[in-house]
Number of protein chains: 2
Amino acid sequence: MNTKSDLPPVFLLGAGNLAHGIASGLMNMSYPITGWWARNHSEISLPKNADSDLLKKSLHEIPEKTQIIILAVSDSAIQELSGQIPAGEYLVCHCSGSMHINILSNHNARGVFYPLQTFSKGRMPVWDEIPVFTETTNAEMHKRLSLLASSLSKICITCKSETRLKAHLSAVISANFTNHLLYESMRIMQDNKLNFQWLRPLLEETIRKAFDLGNPSLSQTGPAKRNDLETIQEHLKALEKNTDLKQIYQLLTKAIQIQKKT
Amino acid sequence: MNTKSDLPPVFLLGAGNLAHGIASGLMNMSYPITGWWARNHSEISLPKNADSDLLKKSLHEIPEKTQIIILAVSDSAIQELSGQIPAGEYLVCHCSGSMHINILSNHNARGVFYPLQTFSKGRMPVWDEIPVFTETTNAEMHKRLSLLASSLSKICITCKSETRLKAHLSAVISANFTNHLLYESMRIMQDNKLNFQWLRPLLEETIRKAFDLGNPSLSQTGPAKRNDLETIQEHLKALEKNTDLKQIYQLLTKAIQIQKKT
């Protein structure tokens with residue numbers, strides 16, 4: 001067990017959902033934080049009991065004891081902000097699922113700290129369950145970053161940028177695309193004066209079952225799976241005026257039918 | 001509050017996931033059941049403490065006190081089995097999301113009892129949360145079926161076959177298609193020696209957030225949403241050898257991009 005004083009102090013950059021999610025995780029466990037900076041200073045919501053001295057107005061105010069700098073900013077801002085961080089003894093990390101570690105090439109000690117979760121201001125992340133993917137360019141920095149990652153989460157994965165991109169792709173396909181299917185379903189429900197919330201127990205059970213069984217092909221049900229062409233035709237008829245959704249329906253139905261046969 | 005003796009006794013047909021889900025819900029609350037029949041008798045798993053006399057070998061053994069017959073069988077079997085049920089004083093119901101009530105046309109008193117949930121043998125359904133869609137052809141039967149539905153669930157919806165089909169379509173799009181996206185994600189994770197279970201907290205939070213906010217367009221994130229063309233290109237490159245999934249990726253990405261603008 002490490003004491004707090006063994007932990008590498010962190011300086012945080014960013015004011016978005018992810019930055020606030022990381023800040024709340026660190027502050028909740030009294031992790032040593034040396035400062036917090038964002039381009040738009042006023043967007044940082046510091047918890048009430050936090051020391052307001054943490055807020056820094058410039059990247060030239062990074063305290064010397066800082067060992068890790070976390071760039072919790074959007075992918076498109078990483079390179080530019082990385083260039084604005086003065087050279088120092090610290091490890092500079094971005095938090096992107098898809099960006100290569102070498103985008104931080106202006107720093108010798110570079111790393112990646114990618115938590116596989118969706119963050120929102122005002123929603124408290126359950127950090128110890130969130131898989132954290134880390135990457136560094138040398139063994140000493142690996143040890144340093146692992147101390148941070150394992151303080152927050154029980155699930156720490158070390159992997160290369162190429163592999164992390166595949167985890168990110170899986171996350172986009174399963175979570176972002178599912179969210180869109182939920183949006184389309186909500187519209188159908190609302191158009192028919194049905195309550196969107198009525199789908200909630202079904203979706204919760206779908207996720208539970210797929211992960212409990214460990215293989216979603218074992219939990220697939222529905223008209224495509226049982227090749228119920230009559231129901232599929234009824235559904236397509238109902239989607240006649242929604243060409244885009246009809247195409248998504250046809251493609252995913254075909255995919256389930258093919259999967260069934262393999 | 002109704003006493004058990006006010007409840008319309010049920011006779012159950014079927015031996016699949018749904019039939020077992022209904023049986024376990026009814027037996028758990030000691031609901032009056034007059035019998036249980038299935039074409040393949042041996043596939044019925046009667047709970048240990050249940051009376052084995054409940055199992056009937058023929059549809060000519062339907063006890064006279066039966067008030068509701070539940071056809072918990074696959075859509076394609078409904079019409080044929082309905083034809084085998086001798087005429088009687090009971091209400092005959094199917095449990096399909098998509099079949100019209102009039103498929104039971106050989107019975108005067110016909111109904112629909114459609115629970116919006118995915119059922120599996122061995123998984124106990126949380127009945128009081130499952131939305132149950134009912135439909136009947138007359139007011140007296142409506143009262144009878146409502147007594148059954150409201151005994152099981154807090155959420156009972158009366159609607160016509162046409163509206164029920166839309167709820168079923170929404171369920172297919174959100175749950176069956178999501179399950180397929182989970183399958184595709186699992187394959188990518190496994191191909192890269194990553195643990196599929198690492199996606200679980202993300203998916204659970206995605207579902208929670210979409211329903212907590214009540215509108216998934218508010219919880220959409222990811223490269224399509226922020227029009228991050230570089231990441232989208234990286235993902236498409238990673239999917240180069242998987243033409244079908246690449247097409248799904250492109251279509252859903254386009255759909256999210258369009259949604260963003262509306």
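Order of the sequence lines fixes the chain letters, A, B, ..., with proteins taken first and strands second; residue numbering starts at 1 for each chain.
- Rounded to the nearest 0.5 Å, atoms CD (B:Q247) and CG (A:L251) are 4.5 Å apart.
- Ranked by heavy-atom pairs under 4.5 Å with chain B, the first of A:A210, A:S120, A:S74 is A:S120.
- Residue B:P131 touches chain A through its side chain alone, counting heavy-atom pairs closer than 4.5 Å.
- Across A:K193, A:Q190, A:E184, A:H168, the residue that shares the most heavy-atom pairs under 4.5 angstrom with chain B is A:H168.
- By number of non-hydrogen pairs under 4.5 angstrom with chain A, the leading residue of B:T231, B:L199, B:L116 is B:L199.
- The most heavy-atom pairs under 4.5 Å with chain A, out of B:E129, B:M189, B:Q220, come from B:Q220.
- Taking the side chain as every heavy atom from C-beta outward, A:T221 and B:N176 approach each other to under 4.5 Å.
- For chain B, the nearby part of A:F119 is the backbone; its heavy atoms alone come within less than 4.5 Å.
- B:L194 touches chain A through its side chain: at least one heavy atom from C-beta onward sits under 4.5 Å away, while N, CA, C and O do not.
- For chain B, the nearby part of A:M186 is the side chain; its heavy atoms alone come within less than 4.5 Å.
- Using a 4.5 Å heavy-atom threshold, the side chains of B:W127 and B:N28 count as separate.
- Using a 4.5 Å cut-off between heavy atoms, A:D191 does not touch chain B at all.
- Using a 4.0 Å cut-off between charged nitrogen and carboxylate oxygen, A:E204 and A:R200 count as a salt-bridge pair.
- Between chain A and the residues B:N215, B:N195, B:I130, the most heavy-atom pairs under 4.5 angstrom are made by B:N215.
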- [ ] Kindly determine whether A:F177 and A:H180 satisfy ring-ring contact (aromatic ring centres under 6.0 Å, His included), including the steps that lead there.
- [x] CA-CA 5 Å; A:F177 291 177; A:H180 184 73; 8.4 Å; no

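- Residue B:E230 qualifies as open at atom CD: its count of foreign heavy atoms under 6.0 Å is 12 or below.
- When the candidates B:I155, B:I248, B:T253, B:D228 are compared by the number of heavy-atom contacts under 4.5 Å with chain A, B:I248 comes out ahead.
- Of the listed residues B:N17, B:L245, B:T163, B:I207, the one with more heavy-atom pairs under 4.5 angstrom with chain A than any other is B:I207.
- The CD1 atom of B:I101 sits 5.5 Å away from atom OG of B:S161, with the distance rounded to the nearest 0.5 Å.
- Atom NE2 of A:H94 sits about 5.0 Å away from atom CD1 of A:I78, to the nearest 0.5 Å.
- Listed options B:L181, B:T206, B:N179, B:V126 were ranked by heavy-atom pairs under 4.5 angstrom with chain A; first place goes to B:N179.
- Aromatic ring orientation, A:F133 versus A:Y114: tilted (interplanar angle from 30° to 60°).
- The CG atom of B:L203 sits 11.0 Å away from the OG1 atom of A:T118 when rounded to the nearest 0.5 Å.
- Of the listed residues A:G97, A:S76, A:P201, A:P125, the one with more heavy-atom pairs under 4.5 angstrom with chain B than any other is A:P201.
- Both the backbone and the side chain of A:N192 come within less than 4.5 Å of a heavy atom of chain B.
- Using a 4.5 Å cut-off between heavy atoms, B:S98 contacts chain A through its side chain alone, with no backbone atom that close.
- Contacts between B:L218 and chain A at a heavy-atom distance below 4.5 Å are absent for every atom of the residue.
- Proximity to chain A is limited to the side chain of B:R123, based on heavy atoms less than 4.5 angstrom apart.
- Contacts of B:K209 with chain A are made by both backbone and side-chain atoms, with heavy-atom separations under 4.5 Å.
- Taking CG from A:L213 and CZ from A:R208, the interatomic distance works out to 12.0 Å, rounded to the nearest 0.5 Å.
- Residue B:P223 touches chain A through both its backbone and its side chain, counting heavy-atom pairs closer than 4.5 Å.
- In this structure, the portions of B:T178 lying under 4.5 Å from any heavy atom of chain A include both its backbone and its side chain.
- Interatomic distance, NE2 of A:H235 versus CD of A:E240, reported as 14.0 Å (0.5 Å rounding).
- Annotation: A:K121, atom NZ; neighbour count of heavy atoms from other residues, nucleotides and ligands within 6.0 Å is above 12.
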